[in-house]
Each structure stands twice: as C-alpha cells, then as structure tokens.
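Just dropping this structure here.
When reading the values below, keep in mind they use all heavy atoms of this one structure, side chains included, and skip hydrogens, waters and symmetry mates. Numbers restart at 1 for each chain; the letters A, B, ... are given by sequence-line order, proteins then strands.
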2 protein chains.
Amino acid sequence: MTADEAEPGTLRPGGRTARVRAAVLRAAGDVLAERGFAHMDLADIAQRAGVGKTTVYRRWGTVTALVTDLLTEMIESSLPRTYTGSLLGDLGAHARLVHTTLTDPRQGPLFKAVIAAATYDERTAAALRRFYDARITEWAPCVREAAARGEVPEDTDPREVIRAVSAPLYYRLLASGDPLDETTADRAAKAAIAAARAGIFSPGKR
Amino acid sequence: MTADEAEPGTLRPGGRTARVRAAVLRAAGDVLAERGFAHMDLADIAQRAGVGKTTVYRRWGTVTALVTDLLTEMIESSLPRTYTGSLLGDLGAHARLVHTTLTDPRQGPLFKAVIAAATYDERTAAALRRFYDARITEWAPCVREAAARGEVPEDTDPREVIRAVSAPLYYRLLASGDPLDETTADRAAKAAIAAARAGIFSPGKR
DNA sequence: TGACTAACGGAACTGGAGACCCGTTATGAC
DNA sequence: GTCATAACGGGTCTCCAGTTCCGTTAGTCA
C-alpha cells in the first residue's frame, strides 16, 4: 500500500516517528509473547501502543511485516560471539546461545512466528536469511581458529560446521517437537565437531 | 464449531462422504502447490472440488485443519524404509527420502505449510509430532542393526541418529534458506554416522 | 423398495479486519 | 520565531471470510 510515497521515517526520523515505532514494536512483542502469532491484531497492537490504528496500517500494513521488523531490530541488538580458546567451548557457547534464543519467552515465539511467516512471505524469508547469514558469519571464525590450532582439518568448511550446530535445535523446535534442553545443545556441538574431525565438512575429502 | 454433533464421516463413511473428502483434499493440495499457503481460501477450494462451501466449512472449518488432514493422509501412504546392508546406505536412503519429500512440488509446500501452522496450532503440532514419531520409529532399526554389525557403538541412541540425519535438511528449508540438494543430504548421513562412531549419541559415554 | 436421517449445498446474512477521508500535530529547514 | 509539510489519528465505510438457515440428496438398514 501507499507505494507512491516515501518510506515513513526516512525524511523525519526524529522524535515522534521514532517514539511511535518503538511503542508499536514493544506492543507487538508483548502481544506475540502473551497471546501468540495467531492472535496478533493490528488494531489491538495500535491501542496497546497508544497509537492510531491508521498509523500502524500505514507503516506496516500486515502482521507479517510488523513481525519482520521486529526481527530486523533483533539483528541490530545481537550479541557478539564469545572466545573460549577451544572449539568445543566456542561451539558449545554458540549452541547455548541458539538454545537460549529459541526458549526465551519473548524471542522464542518471535522466531517461531518469523519462520512461519517466512514460509509464505518472501520479504520475511529474505530478512531471515540475512539474520542467519550474519550469525554464521559472526561465528564461523571460531572454526578457522580451531583449524589453525589443528583441532579440525585445515580445509573444514566453517559455515557448514556452524549450521550443523544450529540444525538439531531448530529441527526440534519446528518439526519433531522433541524437548529442547541444554543436553541437546551440548550434543549438537559435540556432534558437529566429531563430523568435522572425520572430514565430513572438508570439500576436498569426498 | 459444531461441537455437539458427531464427527462427519464416522456414521456414513461410504460413497459420497468419501468422494467429497477425496475431492476437497485433492483440490486443497492443488491450491497449496500452485498458489501457496497464503492464498488458500476455503470457498475457492470448495469450488475447485465441485463441492458446496458450507460442506468444507462444516467438515474442516479452517485452512489449518484442512492442511493437517492433508498431512494425516500422507502419513498413511508413507513409504516403507529400505534395506541396503550398511549404515551409510540406509541413512543415505533416509536422507534422500527427506530431501525428496521436502523438494517435491506437492509435498514440499505441504510440509512448509504444516510446519508453519504447527507453530501456532496445537492440533497441527500434534499431527506433526505423530508424523515424525512414526518416521523415526520406522528408520531407527537400521541403527540397531548397524550396532549389531559393530558399525557404531552398542549403546548408540537410534532415534537420535535418525533425527541428526533429518535436522540439517529441515534447517535449510525453514531457517537459513540455503540450497537443499543431494550433497547436503549425503553429508547429513555421513555426519550423523561420524558423530555416532565418536559416541556422541551414546548415553553412557559422556 | 421404502423409510429414516446423515451429510450435502445454495443463498442470504453478519462481523470485523483493513482501507479511506480529512483534519491535527509537531518536525525540520530557514 | 514562522512556514511548509511529513506523519499521526479519529471516524467512517467497504468488502469478504465465515456463519446460519433450510431445503435437497443419497447412504444405510429393514
């Protein structure tokens, strides 16, 4: 909608516009955590945010777009990776970060909602790809450092290892519905290392 | 809705009722494959199926319920596991089965839709858990057989190995959006075996 | 082969999500 | 300060997904 006018917030990003955005995103996060994706209603969110519903429809238009914006904000406030000096320590930290994110009462529902929306909305899918690309890029160096230390083969694909750590956690959250606990996170890190040592993530060795 | 009357199809499952169900599920699958989950409209599906829209609303009520029923039917027509005599052969076959399912023009969109719906609908989530439980139970024996042959430790958790094979494929489909090809499937099987051999899926060894 | 009724289907109805109109507020440039 | 206009917001309307009503069709059982 309103394709012929400039993106709101780009010409007057100060004061009120920023306050409105913050209030709406806050309210949207609250509704998502409290009532879930299925009960998100833009008019209700507008009221909670103390903002006119016209404003919400004009700036976001759909629940999907609003949830995507929520993810975008989360990317910006993403935590930096940790350094422990060992691959198991680093990948374990990554696995626990993913676990914490997916089970957090605010972030968990957000991720479920975003992933659900991404299955049918291309903009959301693109935002999600950007998020994982950033996360993987952030953590991949720990595999390169481990390769330099000789913990895994020199030609190990770092990004593939990071993906291998996250995958089991997402599988449980979204598909099988099996419990998502610290044991699972820990095992995911160890399994990825075992596979890497066996050369499974080394393109050369086939 | 209509909670006080018997489940349609239970008292007169023959003839017309079965034809209506088949026609509607067929049409729903077509719409899902052609236009996607977001464009599924019960009235449209009813028309395509040559059935009254009242009937569709009475028997399914929501797009989510209809998609869940579609999954239920798929479970019943699920392929049996294959036997190759080696763990790599068996797990490779499982990985290719998952890959084929997720990239199939009809089944792929169905799985995306069901998983999206399962994030906010408990009935769909339950149906999905049943599906994976059945799949894992079907394939777990191949790990036990491999353990008997000495390919992996005796106390390897068979179900955990099967989950480890599927996980990377689902992660790519739903989260990262990375391409889903045979190489990925092959690597998933190999990685699971490497982890199992290292004792990561053996509860005893910690 | 007829009676009973589960299940279907056309048509009219309704509620509320989302679009629209237009006056108001307050940001940013001078 | 003052002006132009980006952005907000209350009120109203529209449209269609989902419901209801009630007559029709066809399984099932005797």
Remember a base hit wins even if backbone is also touched, and classify A/R21 as base, sugar-phosphate or nothing at under 4.0 Å, heavy atoms.
nothing

Is there a donor-acceptor pair under 3.5 Å between the side chain of A/T103 and the backbone N or O of A/H99?
yes

Output the rounded distance in Å from CG (A/D44) to P (C/dG16).
13 Å

Starting the side chain at C-beta, find the nucleotide from D/dG18, C/dC8, C/dT27 nearest to B/Y57.
D/dG18

Mutual orientation of the aromatic rings belonging to B/Y132 and B/Y170 [parallel < 30°, tilted 30-60°, perpendicular > 60°]:
perpendicular

Could you give the CG-to-P distance, from B/D41 to D/dA17, as a whole number of Å?
5 Å

Please give, in whole Å, the distance from D/dA7 P to A/W60 CH2?
12 Å

Quick check: do A/L97 and A/R135 have side-chain heavy atoms less than 4.5 Å from each other?
yes

For A/R19 and for B/V20, find the nucleotide of DNA chain C with the closest heavy atom, then tell me which residue's nucleotide is more 5'.
B/V20

For DNA chain C, which residues of residues 46-56 of chain A approach it to below 4.0 angstrom with any heavy atom?
A/K53, A/T54

Heavy-atom count around A/R106 CZ within 6.0 Å, excluding the residue itself: above 12?
yes

In the structure I gave you, are the side-chain heavy atoms of B/I193 and B/L88 within less than 4.5 Å of one another anywhere?
yes

Length of the line joining B/R16:CZ and D/dA26:C1', which is rounded to integer Å
5 Å

Looking only at side-chain N and O atoms, does A/R59 come under 4.0 Å of OP1 or OP2 in D/dC8?
yes

Lys NZ or Arg CZ of A/R59 over A/Y57 ring: under 6.0 Å, within 45°:
no

Side-chain donor or acceptor of B/R58 under 3.5 Å from a matching atom on the base of C/dG9?
yes

